[in-house]
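A short worksheet on the structure shown next.
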2 protein chains.
Amino acid sequence: MTDFKAQPPAGMEPTGASTQGDSLYQLIRDDIISGRLQANERLIVADLAQRHSTSTNPVREALQLLRGEGFVVISPNRGARVRPIDQNFVRDIYEIGVLIEPALTRWFVGMATPEDIVQLEKVQAEIEENNFADALRHSELDTRFHTIMYERHYNRHAAELWWKHREVLRAVSRRYNFTLARRAQVMREHRQLIQFIKDGEAEKAATLVAQHVEGSGRHVLEQMRAAEAARAG
Amino acid sequence: MTDFKAQPPAGMEPTGASTQGDSLYQLIRDDIISGRLQANERLIVADLAQRHSTSTNPVREALQLLRGEGFVVISPNRGARVRPIDQNFVRDIYEIGVLIEPALTRWFVGMATPEDIVQLEKVQAEIEENNFADALRHSELDTRFHTIMYERHYNRHAAELWWKHREVLRAVSRRYNFTLARRAQVMREHRQLIQFIKDGEAEKAATLVAQHVEGSGRHVLEQMRAAEAARAG
DNA sequence: CTGGATCGGATTATACATTATTTGACATGG
DNA sequence: CCATGTCAAATAATGTATAATCCGATCCAG
């Protein structure tokens, strides 16, 4: 049984935080993602420090990190607030993905070894086997699939950017389900992608990935819209 | 006399820092850019606090900010170091620019008003008038030129990313001169770009911008290589 | 509506405790 | 003698605690 916790691409943890700052970052981020913290809610340093029984310094550090990832907005002298993860936010990130991922893919096609293909096929087999039964697991596997392609890219900046965005998107989409249509499409595109990589069809692979990411974004945005409509109606 | 200090696109200061943290950020960043701080030099919190006569807290904050912009590398329990702004670093950033800027441009072409065109032409006129005589001024004007195109883009993430990268690149290229060939090319491309925008030729404008950014990156990298060779030889 | 008074909380300043890393003296095995 | 390993002191990072200031928002009297 393979574990299916998504790992950040080798040698690129989001670090820059100290031990405690880092775990605080995790905790607060989870609170934001899970919705325990409302959108736009104020994040009061003293409160957070007390709630997690630390002093204020680590809290500030964690907030800075969260700001960097886009989960929190800080305005000088007015403190931090939970960033509302709204449709615009998600759209922005997907759009950047549509621009960057094809480039990462194009490079990967030129560099892929037979072992890489085996890896991809193995993960894809797991995805098919799981067949969306366990949503969380699907998310992790899907992330692993793309990580295999991107993690060795020479452009560390681009790969890092991708990973950061990926984490946000994973957090968001965790709240929704895949429609049947989307499930079929994901499978189709992954299989097709593997084929293109095998054939060394860099351009086709890149185009496909652009579609894949865009489709994924469109799907999540639909879900968000639907959920919002439900809430309003 | 227009001032030619490059302004961040409206409503998007990179900050999130407090007054003092912010000015420290500026100061340290300048020290890094100007070379007063060596590559990989350790940034000791207590020292910096003393040098700038503040306490350690704002210094920590400033370092976090600098880390976010890529000027500083922080490793847990080992503190902060000046990030060597090497060729890979610069290449990575330009490559991302080549992916993102064309998309921003494409949108701008569809949205540009006559006033925008006037603005662009005015800045371009200033650029031509200055004709690279004052390098710093050229840099600011060139930045302003592109800011006009990007600052109103609906994708705030993308625009912000562009701006952050722009600041780094401006810092780096400040150290070098434009070759004659590059000067001519920049002028040509700007003029051509304005024309495409006037004609509503979004695709052509996008392609041209990709070239423009790539050319700019290539040029800076050449300079860096040359400088390094000179240092070694 | 306008100019303070007030309040919450961010920001800054200190001082100190704790912990991890680095350094250099010294010892040991080859 | 040199390479390697060990250990303790020195160095800084990190975390805690507390107080002083400063800023922005709100309330209130005029």
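Order of the sequence lines fixes the chain letters, A, B, ..., with proteins taken first and strands second; residue numbering starts at 1 for each chain.
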Report all side-chain donor-acceptor pairs from residues 47-57 of chain A shorter than 3.5 Å, counting only partners two or more places apart or in another chain.
from: A/His52; atom 1: ND1; to: A/Leu48; atom 2: O; distance (Å): 3.1
from: A/Asn57; atom 1: ND2; to: B/Asn57; atom 2: OD1; distance (Å): 3.4

Task: Residues in side-chain hydrogen bond (donor to acceptor under 3.5 Å, both in side chains) contact with B/Arg175, at least two apart in sequence or another chain - done: none
Task: Test salt bridge (charged side-chain N to carboxylate O under 4.0 Å, His left out) applied to B/Glu228 - qualifying residues, sequence neighbours left out - done: none
Task: Distance in angstrom units between A/Arg81 CZ and D/dG24 P, rounded - done: 14 Å
TODO: Sugar-phosphate means primed atoms, P, OP1 and OP2; the rest is base. With that split, encode nucleotides 10-16 of chain D 5' to 3' as B, S or - using protein heavy atoms under 4.0 Å.
DONE: --SSBBB
Task: Which residues share a side-chain contact (heavy atoms from CB on, under 4.5 Å) with B/Arg83, sequence neighbours left out - done: A/His157, B/Val73, B/Phe89
Open item on the list: The criterion is side-chain contact (heavy atoms from CB on, under 4.5 Å); which residues satisfy it with B/Arg174, sequence neighbours excluded?
Closed with: B/Ile33, B/Leu136, B/Arg170
